[in-house]
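One structure is given here, and the rest of the page talks about it.
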Amino acid sequence: LNEANNCERFARDFKEIDYVRVPRVYRELTTPRVLTMEFVESFKLTDIKRIEELGLDKKDLAKKTADSFLRQIVETSYFHCDPHPGNLCVDT
């Protein structure tokens, strides 16, 4: 349940940032061994071909990603330590 608490804290820390989306935790379906979260239709931030096909601004995506990490470190002091492509996605 610690992971569920972490998700909810992260969501609270970023509730005012419209470009950061944290999937909702379904507490009623979560157990100490299973974390159940909302499915968010998205694609990996590393899918450059799709980003280009959709005409998204790569510099803007990079800035927003960097800004979110700086906010974690400087403002909230609560850092997401697992920033792999599965955790960094784009939804349009």
Side-chain angles (χ1 to χ4, degrees):
L1 299 178
N2 187 50
E3 191 70 19
N5 293 336
N6 291 341
C7 291
E8 291 171 342
R9 177 179 173 179
F10 195 89
R12 281 191 308 273
D13 287 349
F14 280 85
K15 69 181 177 192
E16 303 298 324
I17 310 298
D18 65 345
Y19 59 85
V20 173
R21 182 166 176 190
V22 180
R24 178 178 173 260
V25 173
Y26 293 103
R27 285 281 183 168
E28 65 278 9
L29 300 173
T30 295
T31 70
R33 296 186 63 174
V34 176
L35 175 64
T36 307
M37 300 174 70
E38 166 190 22
F39 176 76
V40 176
E41 187 70 45
S42 61
F43 61 92
K44 294 179 181 180
L45 186 60
T46 56
D47 189 345
I48 303 303
K49 181 179 178 187
R50 187 153 179 205
I51 288 170
E52 290 173 345
E53 287 171 353
L54 291 171
L56 301 176
D57 185 334
K58 290 185 282 187
K59 287 184 181 181
D60 183 55
L61 290 173
K63 182 180 182 326
K64 287 176 177 176
T65 301
D67 286 349
S68 72
F69 278 97
L70 285 171
R71 177 177 170 79
Q72 290 172 60
I73 295 165
V74 176
E75 294 180 29
T76 70
S77 300
Y78 193 72
F79 182 68
H80 187 299
C81 294
D82 193 18
H84 60 78
N87 286 336
L88 298 173
C89 299
V90 178
D91 68 342
T92 55

Starting from V90, can I reach V20 by hopping between I/L/V/M/F/W/Y residues whose side chains sit under 4.5 Å apart?
no
Spacing of R27 atom CZ and M37 atom CE [to the nearest 0.5 Å]:
11.0 Å
Would you give the length of the straight line joining atom CD of E52 to atom CG of D57, rounded to the nearest 0.5 angstrom?
11.5 Å
Just grab all the salt bridge (charged side-chain N to carboxylate O under 4.0 Å, His left out) pairs involving residues 67-92, residues at least two apart or on different chains.
R21-D91, K63-D67, R71-E75
Side-chain heavy atoms under 4.5 angstrom apart, residues restricted to Ile, Leu, Val, Met, Phe, Trp, Tyr: same cluster for F10 and Y19?
yes
If only atom types and distance count, is the side chain of T76 paired as donor or acceptor with the main-chain N or O of D13 below 3.5 Å?
no
Rounded to the nearest 0.5 Å, what's the gap from CG on L45 to CG on L56? Could you check?
10.0 Å
T30 side-chain N/O to L35 backbone N/O, donor-acceptor pair under 3.5 Å
no
Spatial distance of atom CZ (F43) from atom CG (L54) [nearest 0.5 Å]
5.0 Å
Flag, side chain of Q72 to backbone of H80, donor-acceptor distance under 3.5 Å:
yes
Spacing of SG belonging to C81 relative to CG belonging to N87, to within rounding of 0.5 Å
11.5 Å
The reported gap from NZ in K58 to CD1 in I51 (rounded to nearest 0.5 angstrom) is 8.0 Å
Shortest non-hydrogen contact between V25 and E8, atoms and distance:
CB-OE2, 3.9 Å
Give the cluster check for L61 versus F69: same hydrophobic cluster or not, with ILVMFWY residues linked at side-chain heavy-atom distances below 4.5 Å.
yes
By side chain to side chain donor-acceptor pair (under 3.5 Å) - contacts of N6 (at least two apart):
Y78
